[in-house]
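Have a look at the structure below before the remarks.
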There are 2 protein chains.
Amino acid sequence: MASKQELEKYLNIIKESNFNEKCPIKDALEVIGGKWKLNILGQLLRKEVCRFNQLKRDISGITNTMLSNSLRELENDELIIRNQYNEMPVRVEYTLTDRGRNLLPLLYELTIWWDDYKNNKENSK
Amino acid sequence: MASKQELEKYLNIIKESNFNEKCPIKDALEVIGGKWKLNILGQLLRKEVCRFNQLKRDISGITNTMLSNSLRELENDELIIRNQYNEMPVRVEYTLTDRGRNLLPLLYELTIWWDDYKNNKENSK
DNA sequence: CTGCATCCAAGGCGATACTG
DNA sequence: CAGTATCGCCTTGGATGCAG
């Protein structure tokens with residue numbers, strides 16, 4: 001839990017942020033939004049490197065279309081890197097960028113935040 | 001920036017999380033997702049307490065319908081509290097719960113993560 | 001003042017078939 | 001193997017009018 005002083009600092013920063021128009025938080029959420037992107041990032045966090053069909057097998061329910069679209073968007077946002085090897089047949093490997101890996105602490109804190117709440121709810125029953 | 005050891009710890013937790021089915025991260029993102037919820041939370045972070053029409057005025061472009069829906073969902077998720085005073089006319093005030101306020105450090109870090117990236121991009125030009 | 005009911009549009013998402 | 005093309009649904013969000 002953050003100290004009161006830290007919270008104060010955060011608050012000032014947030015206050016300066018404009019939630020109405022383009023704000024960094026919304027931009028950031030947009031990048032990891034969508035139905036499948038967290039799944040993809042999760043797989044790449046675990047395996048370091050992964051191929052197209054590997055991802056498709058591991059992410060239950062995803063279609064070619066969505067996997068393809070999501071990967072392209074993640075690449076454009078520089079969360080992942082696409083490496084193509086022109087062998088026969090073609091081999092393509094996806095890995096996380098530093099930016100992608102830096103999401104890790106954030107995802108961790110989101111988990112904590114969520115679990116804290118659920119635990120409190122359980123206890124108060 | 002987190003230490004290597006911390007990252008290791010985070011990674012293990014994330015690895016255990018199942019991204020395919022219901023995972024805490026997705027649940028958490030769902031709660032602050034939607035087009036207007038961050039705007040609302042931002043206003044409440046700034047003003048501590050806010051009435052319906054005040055929010056409507058401050059959040060440019062939001063309609064009654066969306067404000068109403070978003071507020072109800074945020075209340076169900078226990079991020080905000082709805083206080084109704086049966087005066088004439090009715091007065092309703094919204095405030096953040098502790099859970100809502102605890103989002104602050106998270107939002108802060110999202111901002112940092114996003115800005116880091118943008119700055120690096122600028123510098124490399 | 002604080003909403004809800006209704007209807008409507010746009011876009012995210014998905015199924016299927018096809019290609020280099 | 002690693003995708004693209006096409007088409008259609010369904011959810012999310014928005015406009016408007018009404019109500020307690």
Side-chain angles (χ1 to χ4, degrees), chain A residues 19-23 26-41 43-44 47 49-77 79-95, chain B residues 19-23 26-27 29-44 47 49-77 79-95:
Chain A
F19 282 82
N20 280 334
E21 303 160 22
K22 271 301 174 199
C23 94
K26 283 193 179 179
D27 290 336
L29 286 184
E30 206 157 302
V31 158
I32 59 173
K35 188 170 177 183
W36 301 103
K37 293 199 184 163
L38 274 179
N39 297 228
I40 295 171
L41 294 174
Q43 289 301 324
L44 291 178
K47 308 200 174 176
V49 50
C50 220
R51 301 175 60 173
F52 188 91
N53 273 350
Q54 184 69 45
L55 286 169
K56 195 176 157 191
R57 255 176 276 124
D58 291 340
I59 302 174
S60 146
I62 196 168
T63 61
N64 278 358
T65 313
M66 287 315 296
L67 180 54
S68 179
N69 290 346
S70 303
L71 285 171
R72 195 170 339 106
E73 288 174 21
L74 288 172
E75 191 194 1
N76 289 338
D77 292 326
L79 294 189
I80 66 174
I81 294 174
R82 179 181 187 278
N83 268 95
Q84 176 167 344
Y85 304 92
N86 288 316
E87 309 168 350
M88 191 61 70
V90 170
R91 178 163 60 98
V92 178
E93 292 184 344
Y94 293 93
T95 55
Chain B
F19 282 82
N20 279 333
E21 301 161 22
K22 272 300 175 199
C23 94
K26 283 193 178 178
D27 291 336
L29 286 183
E30 207 158 300
V31 157
I32 60 174
K35 189 169 177 184
W36 301 104
K37 293 198 182 164
L38 274 178
N39 296 225
I40 295 171
L41 294 175
Q43 288 301 324
L44 291 177
K47 307 200 174 175
V49 50
C50 219
R51 300 176 58 176
F52 189 91
N53 272 352
Q54 184 69 43
L55 286 169
K56 194 177 159 191
R57 255 175 276 122
D58 291 341
I59 302 174
S60 149
I62 196 168
T63 61
N64 278 358
T65 311
M66 287 314 296
L67 180 52
S68 180
N69 290 347
S70 304
L71 286 171
R72 193 169 345 104
E73 290 175 18
L74 287 172
E75 192 195 0
N76 288 339
D77 292 326
L79 294 188
I80 66 174
I81 293 173
R82 180 182 185 277
N83 268 93
Q84 175 166 344
Y85 303 93
N86 288 317
E87 307 167 352
M88 191 61 68
V90 169
R91 179 164 58 99
V92 179
E93 290 183 346
Y94 293 92
T95 56

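Chain naming here is simple, since letters A, B, ... match the order of the sequence lines and numbering starts at 1 in each. Please read all numbers here as calculations on a predicted model, not as lab measurements.
Place A/S68 and A/P89 on DNA chain D by their nearest nucleotides, and A/P89 ends up nearer the 5' end. Residue-to-nucleotide proximity on DNA chain C shows that, of B/T65 and B/N53, the 5′-proximal contact is made by B/N53.
For A/K56 and D/dT4, the NZ to C1' distance is 13 Å, given to the nearest whole Å. Rounded to whole Å, the distance from CD on B/E87 to C1' on C/dC1 is 11 Å. Between A/N69 atom CG and D/dT6 atom C1' there is a gap of 13 Å when expressed in whole angstrom units. Distance OH (B/Y85) to P (C/dG3): 13 Å, rounded to an integer number of Å. Atom CD of B/E73 is separated from atom C1' of C/dC4 by 14 Å (rounded to the nearest Å). Between the P atom of D/dG14 and the CD1 atom of B/I59 lies a distance of 12 Å, rounded to the nearest Å. In this entry the distance linking CZ of B/R82 with P of C/dT2 reads 10 Å, nearest Å. The CZ atom of A/R72 sits 13 Å away from the P atom of C/dG12 (whole-angstrom rounding).
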Protein N or O to nucleotides 18-20 of chain D N or O, pairs below 3.5 Å:
none

Below 3.5 Å between N/O atoms, which protein atoms pair up with nucleotides 8-13 of chain D? Just atom names and distances, please.
from, atom 1, to, atom 2, distance (Å)
D/dG13, OP1, B/K35, N, 3.1

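We find the CE-CG distance between B/M66 and B/N39 to be 10.5 Å, quoted to the nearest 0.5 Å. The line from CZ of B/R57 to CZ of B/R51 is 8.5 Å long, rounded to the nearest 0.5 Å.
Looking at A/I32 and A/L41, their side chains come closer than 4.5 Å, going by heavy atoms from C-beta outward. By the 4.5 Å heavy-atom criterion applied to side chains, A/L67 and A/L71 are counted as neighbours.
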Q) How far apart are the C-alpha atoms of A/L29 and B/L29, what are their side-chain angles, what is the distance that settles it, and do they pass the side chain to side chain contact (heavy atoms under 4.5 Å, CB included) test? A) CA-CA 8 Å; A/L29 286 184; B/L29 286 183; 3.7 Å; yes
Q: Would you sort out whether A/D58 and A/Q54 count as a side chain to side chain donor-acceptor pair (under 3.5 Å), showing the intermediate values?
A: CA-CA 6 Å; A/D58 291 340; A/Q54 184 69 45; 3.1 Å; yes
**Q.** Step-by-step side chain to side chain contact (heavy atoms under 4.5 Å, CB included) determination, A/L74 to A/K37
**A.** CA-CA 8 Å; A/L74 288 172; A/K37 293 199 184 163; 3.7 Å; yes
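Using modelled atom types, one side-chain atom of A/K26 and one backbone atom of B/K35 make a donor-acceptor pair closer than 3.5 Å.
At D/dG14, none of the side-chain N or O atoms of B/T63 fall inside 4.0 Å of OP1 or OP2 (strictly under the cut-off).
Nucleic acid contact for A/Y94: sugar-phosphate only, since backbone atoms but no base atoms lie under 4.0 Å from a heavy atom of the residue.
Nearest to the side chain of B/R51, among C/dA15, C/dT2, D/dA2, sits C/dT2.
Nearest heavy atom pair, residue B/W36 against residue B/S70, reads CB-OG, 4.1 Å.
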